[in-house]
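We name chains A, B, ... by the order of the sequence lines, and we start the count at 1 in each one.
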Amino acid sequence: MDNERLTERIRTLVPEAQLEENKQFLTLVIPADKFHDLAVNLKESEDTLMDYLFCLSGVDMIKHLMVVYHLNSTKHGHSVELKVKTENRENPAFDTVSDIWQAANFYEREVFDLFGIRFNNHPDLRRIFLDENWQGYPFRKDYVDEVNIVDL
Amino acid sequence: MAFSIYDFTSFNQAIDHALYASLPPVLAVIVEMTIIGLVFLVFYAVVGLFLVYAERKVCAFMQNRVGPNRVGPYGIFQTIADFIKLLMKELISIKNSDKLLFNLAPFIVIIASFMAIAAIPFGKGLQAIDFDIGILYVIAVSSLGVVGILLAGWSSNNKYSLIGAMRSGAQIISYELSVGLSLLTIIVLAGTMQFSQIVEGQANGWFIFKGHIPAFIAFILFLIASTAETNRGPFDLAEAESELTAGFHTEYSGIKFAFFFLAEYMNMFIVASIAATVFLGGWMPFHFSGWAGFNHVMDYIPPFVWYLGKTAFVIFLMMWFKWTFPRLRIDQLLNLEWKYLLPINLVNILVMAFIVLMGWHF
Amino acid sequence: MGVTGKYFFSPGQIVTEQYPENRKTLKMAERFKGEVIMPHDENNQHRCTGCGICELNCPNGSIEIISTRIETPEGKKVRIIDKHIYHLSMCTFCGLCIKTCPSDSLAWGQEFEHAVFDRSKLTKVLNQPGSSIIKGIE
Amino acid sequence: MKEVIHTPVPDIEEEEYHINMGPQHPSTHGVLRLVVSLQGEIVKSLKPHCGYIHRGIEKMCEKDTYPQIIHLTDRMDYLSAHINNHAVCLLVENALQVEVPERVKYIRTIIDELTRIQSHQLWWACYGMDLGGLTCFFYGLRDREHILDIFEESFGSRLLHSYYTPGGLMQDIHPNFQKRVKEFIKYFQKKIKDYDRILTGNVIMTERTRGIGILSKEDAINYAVTGPSGRASGFSCDVRKHYPYSVYDKVEFREVLFTEGDTLHRYYARMEEMRESMKIIEQLIDNIPEGEYSAKMKAVLKLPAGEYYQRVETARGELGAYCISDGNKTPFRLKFRSPNFSNLGVLDKISREHKIADLVAIGASLDFVIPDIDR
């Protein structure tokens with residue numbers, strides 16, 4: 001499926017999806033509450049079959065927190081980049097996709113650990129790299145640690 | 001007999017008479033026992049140290065390395081230095097471990113191998129005790145060591161140790177069968193269990209040649225089973241360092257660890273010497289029937305050289321196994337024993353009995 | 001068993017580097033990255049202008065340059081280095097300082113035995129005492 | 001009247017106990033900690049605990065300029081240091097739309113494949129060691145030395161090279177490079193037969209690993225298991241084939257694919273990859289074109305604002321570098337999708353109901369490099 005048809009497809013499922021222009025992949029911003037259903041649909045439908053989640057990154061865009069999903073179909077070969085955003089910095093939460101792609105299990109734990117984004121219904125949401133009682137989320141832009149982060 | 005020049009019986013008797021003449025009988029026995037004990041202790045330590053060195057050199061050469069080469073010429077004092085280091089190391093005592101058993105275990109292991117060495121004939125007359133059930137005795141005593149290993153694994157309150165000990169228990173109990181049965185094959189051929197008579201029986205040809213194919217098969221089976229019984233690679237599951245860190249002796253340090261270490265090498269020496277005695281003629285020189293001159297030359301090589309040479313050959317074979325093959329898994333190990341070695345062994349005994357019955361052996 | 005046996009009986013293939021013994025004959029590759037040095041010529045002169053580009057480019061802050069501005073007899077204001085401080089303990093041997101140096105004043109040294117008892121000994125001053133810059137390098 | 005409370009008596013058969021494998025354990029090849037629930041010797045479940053060497057490389061990258069990032073990527077998957085560098089270099093080059101000289105592409109491809117071979121040699125060595133054949137370890141390292149010597153001659157260091165820069169290479173290859181690589185290929189083609197004789201053809205090894213830790217193709221995709229581990233399950237995920245970079249589109253090589261997906265076939269996949277890598281090097285080594293070793297780059301590299309994703313095939317799988325730039329000389333966010341991290345996720349699934357010894361073998365066949373997991 002080429003990018004235009006893929007966009008159309010996602011638009012029919014989630015009309016609010018915004019297309020971002022001039023990107024390497026087809027990039028769409030999806031409202032957080034619609035994302036899980038869309039993901040299920042993209043994975044299960046025969047013509048999209050996005051079965052390979054090859055990258056899941058958390059990003060702190062200062063204005064908002066964002067999680068970026070890179071999806072690929074190993075059968076059809078098309079890729080898509082989906083973004084979900086939240087402006088809630090205190091208690092950001094998205095729905096997990098680890099029930100759809102098992103790979104997301106660890107990726108989401110990493111994002112939770114470093115960005116503090118919670119994933120609802122995640123089976124085992126614990127810190128993965130840092131200590132259990134670590135304060136704060138180090139990869140956020142406003143994180144301050146005068147002891148461990150040395151500015152050169 | 002031609003090789004009577006190296007007969008130690010008269011030498012022993014001379015000492016015996018001298019002692020009995022000068023001392024009361026009880027004291028004489030005690031002195032004799034002490035002498036033998038000391039001789040074995042020294043022998044034990046020397047052989048153990050030498051084997052550790054030999055193993056390290058052999059594996060180094062197989063792996064394109066130099067091996068120990070710092071202490072003394074070619075590193076021959078390396079193991080002595082290691083031993084001194086081990087003697088001086090702190091003995092760690094572990095919280096929540098069973099102190100008594102923890103300390104007892106290394107001694108059981110080492111005593112078991114000590115007892116087994118007593119029955120081994122090093123040369124004509126060079127044997128501490130010549131039981132008439134010598135083979136049975138050695139099998140029985142050498143398998144006592146597993147009690148020590150089990151205790152060590154259990155008492156050190158460490159799960160790795162426990163798994164190692166359990167594996168070791170399962171392994172030794174099952175491989176004991178194969179060891180026994182393959183020796184039994186030769187007993188059928190030799191008609192005796194006494195070591196001295198077994199050796200005498202090989203005066204005109206080693207059993208491995210006399211017993212046709214069954215004896216050869218028995219030799220191979222014995223090698224496999226005894227390697228497993230001594231917990232050496234590729235059967236070193238009890239101390240599989242990539243899985244269980246060090247298995248049953250994980251928590252031991254210093255001299256107690258040295259005991260385990262020495263006992264392992266001594267067990268290797270013992271099974272190698274049993275193999276040499278039973279299959280390769282012990283201290284008997286190599287004889288070709290008919291070649292009188294050749295046989296005569298062979299007789300001039302002292303029997304303990306023959307004996308040690310054969311033992312060293314078997315030990316080298318075992319080291320070669322260890323440094324070539326990857327380790328087996330526990331279920332494969334037991335499968336190998338119960339599904340392959342044991343049936344082959346049983347058939348082998350039958351064949352051997354049949355051969356002996358028909359008188360087809362040499 | 002064949003393979004191990006073959007190697008056992010052909011000890012000529014031993015590949016161990018007998019390190020402390022072969023120190024005299026041991027020769028590192030010519031591009032070996034042992035440490036950063038500043039080559040000096042026979043007049044105790046180096047090529048460093050003290051521009052600070054290496055300091056900027058170092059990802060770990062292992063280079064510090066202490067320089068002073070002096071006035072040359074011709075009346076030009078020039079920067080010369082007092083000390084080119086190099087923290088070996090922080091260096092990751094990425095080579096960016098050497099690559100970016102505009103006057104090629106830094107180079108890789110062959111020394112690799114860096115173990116010392118005191119951490120402060122790992123902080124080195126690369127320009128030798130009393131050294132000066134080679135004439136004609138801007 | 002006293003109330004009788006029936007405490008449930010735990011069934012002895014059912015009782016599980018836990019052991020910690022790691023952080024210091026001979027078979028985890030680093031500081032990975034696996035909390036293993038065992039029943040007897042059977043692994044019931046397993047929880048990896050990582051982070052013992054988490055250095056926050058992605059955060060550090062946000063403070064460094066693009067040329068400075070290179071030396072950090074070395075330290076992720078230290079066994080494929082060059083390939084990690086390659087990811088960042090390609091990312092910057094594609095973002096700036098710099099055309100690197102042909103010579104650089106050829107050299108990079110050759111060095112990438114050499115890196116892959118040396119990584120697989122070390123894996124082979126450790127695999128043998130984990131299965132208990134210690135001799136393999138020394139043979140593997142012996143042959144790896146030859147590649148490291150070539151590296152040392154050309155780039156000055158043996159493990160962490162920092163040799164690629166955005167736009168090209170740090171310095172030209174050493175004049176001896178081609179000759180020595182050819183010598184090595186000739187040498188290693190002989191030695192790989194030894195590898196086959198000592199481990200591949202060994203009945204103990206094959207029987208121990210056949211049918212152990214089976215990973216189906218669907219699971220491999222679902223868990224995002226890439227690299228030789230994924231390809232052994234039939235997941236065609238070779239970035240060199242699907243998204244070719246440098247000169248991989250000009251060389252002939254086979255993507256090693258198996259369908260069984262057990263430990264033994266992960267082993268075969270890596271052994272075959274070594275042979276394929278040698279084929280690639282043989283095709284390229286004589287044809288390195290003359291030219292510059294680096295494109296002309298600006299002194300300060302500023303990526304135009306936007307998002308970039310670049311993937312390369314390391315020795316362990318697909319390495320992705322996802323960069324968000326805001327137009328500065330440092331990246332706003334640089335995320336590395338490291339192959340080992342997603343490969344680790346599958347360890348729990350495929351090692352259940354196997355023995356501890358199998359767990360070690362499975363772990364060895366997935367070939368973890370812990371700094372790449374932790375980053």
According to side chain to side chain donor-acceptor pair (under 3.5 Å), who are the partners of E44(A), at least two apart in sequence or on a separate chain?
none

For S79(A) and R311(D), the nearest pair of non-hydrogen atoms, with its separation, is OG-NH2, 4.3 Å

Flag if over 12 foreign heavy atoms under 6.0 Å of CD, E132(A)
yes

Kindly determine whether D124(A) and K47(D) satisfy side chain to side chain contact (heavy atoms under 4.5 Å, CB included), including the steps that lead there.
CA-CA 10 Å; D124(A) 184 24; K47(D) 274 200 179 111; 4.1 Å; yes

What part of Y243(D) gets closer than 4.5 Å to chain A, counting heavy atoms only: side chain, backbone, both or neither?
side chain

Taking Y52(D), Y308(D), F341(D) one by one, which has the highest count of heavy-atom pairs under 4.5 Å against chain A?
F341(D)

Side-chain heavy-atom pair N222(D), K43(A) within 4.5 angstrom cut-off
yes

4.5 Å side-chain heavy-atom contact, F106(A) and I373(D):
no

With the side chain counted from C-beta on, respond yes when E81(A) and E307(D) share a heavy-atom pair under 4.5 Å apart, and no when they do not.
yes

Answer with side chain, backbone, both or neither: which region of M66(A) has an atom nearer than 4.5 Å to a non-hydrogen atom of chain D?
side chain

Step through the shown structure and confirm whether more than 12 heavy atoms of other residues, nucleotides or ligands are within 6.0 Å of NZ on K217(D).
no

Which answer fits T226(D), side chain, backbone, both or neither, if we ask what part of it has an atom under 4.5 Å from a heavy atom of chain A?
side chain

Between N72(A) and chain D, which part of the residue has a heavy atom less than 4.5 Å away: side chain, backbone, both or neither?
side chain

With a 4.5 angstrom heavy-atom cut-off, is it the side chain or the backbone of I128(A) that approaches chain D, or both, or neither?
both

When rounded to the nearest 0.5 Å, the distance separating CZ of F139(A) from NZ of K335(D) is 9.0 Å

Taking 4.5 Å as the heavy-atom cut-off, does anything in residues 313-331 of chain D contact chain A, and if so which residues?
E318(D), Y322(D), I324(D)

Please flag which part of N105(A) lies under 4.5 Å from any non-hydrogen atom of chain D: side chain, backbone, both or neither.
neither

At a heavy-atom distance under 4.5 Å, which candidate from V68(A), L53(A), L130(A) has the highest pair count against chain D?
V68(A)

Strictly less than 4.5 Å between heavy atoms, which residues of residues 68-76 of chain D line up against chain A? Please order them by number.
none

Under 4.5 Å heavy-atom distance to chain D, tell me which part of I100(A) shows up: side chain, backbone, both or neither.
backbone

Return the minimal non-hydrogen interatomic distance between I221(D) and T74(A), and the atom names on each side.
CD1-OG1, 3.7 Å

Test log, rule side chain to side chain contact (heavy atoms under 4.5 Å, CB included), inputs E110(A) and H54(D)
CA-CA 11 Å; E110(A) 186 193 358; H54(D) 185 249; 5.9 Å; no

Provide the full list of ring-ring contact (aromatic ring centres under 6.0 Å, His included) pairs with a residue in residues 27-60 of chain A, sequence neighbours left out, each pair given once.
F35(A)-Y69(A), Y52(A)-F54(A), Y52(A)-F235(D), F54(A)-H70(A), F54(A)-Y309(D)

Using modelled atom types only, decide if a donor and an acceptor are shared between the side chain of R333(D) and the backbone of G58(A) within a distance under 3.5 Å.
yes

What part of R126(A) is in contact with chain D, defined as an atom under 4.5 angstrom from a non-hydrogen atom: side chain, backbone, both or neither?
side chain

Least distance between heavy atoms, K59(D) atom then K141(A) atom
NZ-CA, 4.4 Å

Among M60(D), E62(D), H49(D), single out the residue with the greatest number of heavy-atom pairs under 4.5 Å to chain A.
E62(D)

Rounded to the nearest 0.5 Å, how far does OG of S342(D) lie from CG of L56(A)?
11.5 Å

Neighbour count above 12 (heavy atom, 6.0 Å) for K302(D) NZ:
no

